[in-house]
Amino acid sequence: MALDEKIITQAIIDRYFQKLKENLRVDVAVVGGGPSGLVCAYFLAKKGFKVALFERKLSIGGGMWGGGMMFNEIVVQEEGKRILEEFGIRSQPYQEGYYTADSIEAISTLCSKAVRAGATIFNLISAEDLILRENRVTGLVLNWTAVEMANLHVDPLTVQSKFVVDATGHATEVVAILQRKNEVRLHTETGKIMGEKSLWAEAAERDTMLHTKEVFPGLYVTGMAANATFGSYRMGPIFGGMLLSGEKAAALITEELRKKR
Ligand code: 48F
């Protein structure tokens, strides 16, 4: 049978729009496909919730691919190793309490397992705003990254969600947009984004867990976005906190979604 270019094109368009239409209203919309966002999406999808993850870049994975300074290995501590095991990511003990994993195996597996668990990942799409309803975040305002990069005047489209997760890393973009555009008080000490501090691995890893929470009705923060929102340290290329934070955000949202059922 001769291949027909029209059918190839039609297949892609039909399937993509089917996927997009199925995700116009979701339980959880995650912004950012780094380690924390992927782990969060995986655990929620595994529980049977409808999850869509939007990633600005062509590739999923955020800051994990490059390990530390482009040496593509990551370090996790004892607690983080449990999440690697959940995903079937191999690790090696280095010294007591320290394990290493190949960053390529780690991020590609997180991505694959999140998709296989049922999360839908959309790459090349950026969250440029939020939907607000009576002091609650109820969805995302999305546009093509290419539109954003070319600075074109093109109106966005929207996705409604019961919860939004800001997993945008150091930039804490979603919370920043909420703060910039609306007179809101965040659930932080100052009512505002407190900003990320310099590097302190031990404190940062502990704080990531502490700060993984709802920062405004309907909006959760996970990963580095949690630390940046609540004024804690960065941790460098140790990733246990990112993985555990994604798991914690998923658990907190699961509890809330179950109340809504
Ligand atoms: O930065 P990133 O990997 O976030 P994370 O999950 O993990 C942080 C670590 O990689 C590392 C660290 C810990 O060791 O300090 O930096 O907290 O992934 C964030 C992703 O969000 C995307 C961005 O392209 C990246 O892949 N992103 C950021 N803003 C937007 C976005 C946006 N507005 N819309 C869509 N995607």
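Values below: every heavy atom of this structure, side chains too, minus hydrogens, waters and symmetry copies. Every number for a ligand or one of its atoms is a count from 1 in the order of the listing. Because the structure is a prediction, the values reported are computed rather than measured. Along the sequence shown, residues carry numbers from 1.
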Cationic tip of Arg116 above Tyr42 ring, under 6.0 Å, 45° of axis: no
Tell me which protein heavy atom sits closest to atom 22 (C) of ligand 1, plus the residue, atom name and distance to 0.1 Å. Glu55 OE1, 3.3 Å
Thr222 N/O under 3.5 Å from ligand 1 N/O: no
How close does the nearest protein non-hydrogen atom get to atom 5 (P) of ligand 1, and which residue and atom is it? Ser36 OG, 3.6 Å
Numbering the atoms of ligand 1 from 1, which are under 4.0 Å from a heavy atom of Arg56? 28 (C), 29 (N), 30 (C), 31 (C), 32 (C), 33 (N), 35 (C), 36 (N)
Indicate, as side chain, backbone, both or neither, the part of Ala171 found under 4.0 angstrom from ligand 1 when only non-hydrogen atoms are considered. neither
Which residue supplies the protein heavy atom nearest to atom 9 (C) of ligand 1, what is that atom called, and how far is it? Phe239 CE2, 3.6 Å
I'd like to check whether Gly223 has a polar contact with ligand 1, where a contact means an N/O of the residue lying under 3.5 Å from an N/O of the ligand. no
Can you say whether the rings of Phe54 and Phe122 are parallel (under 30°), tilted (30 to 60°) or perpendicular (over 60°)? parallel
Gly63 versus ligand 1: do any nitrogen or oxygen atoms come within less than 3.5 Å of each other? yes
Give me the nearest non-hydrogen protein atom to atom 15 (O) of ligand 1 as residue plus atom name, then the distance to 0.1 Å. His170 NE2, 3.2 Å
Examine Gly61 against ligand 1 and note whether any of their N/O atoms are separated by less than 3.5 Å. no
Just say parallel, tilted or perpendicular for the rings of His211 and Phe230, cut-offs at 30° and 60°. parallel
In the protein, which heavy atom is nearest to atom 14 (O) of ligand 1, and how far is it? Gly236 O, 2.6 Å
Donor-acceptor side-chain pairing of Glu196 and His170 below 3.5 angstrom: yes
Short version for Ile238: what comes under 4.0 Å of ligand 1, heavy atoms counted, is backbone
Cation-pi check, Lys81 onto Tyr99 ring (under 6.0 Å, within 45° of axis): yes
Hey, is the main chain of Leu58 close enough, under 3.5 Å, to the side chain of Asn123 for a donor-acceptor pair? yes
Can you tell me if CD on Gln18 sees more than 12 non-hydrogen neighbours from other groups inside 6.0 Å? yes
Sub-3.5 Å N/O-N/O distance, Gly37 and ligand 1: no
Are there more than 12 heavy atoms of other residues, nucleotides or ligands under 6.0 Å from atom OH of Tyr16? yes
Would you call Met235 and Met242 a side-chain contact if the rule is heavy atoms closer than 4.5 Å? yes
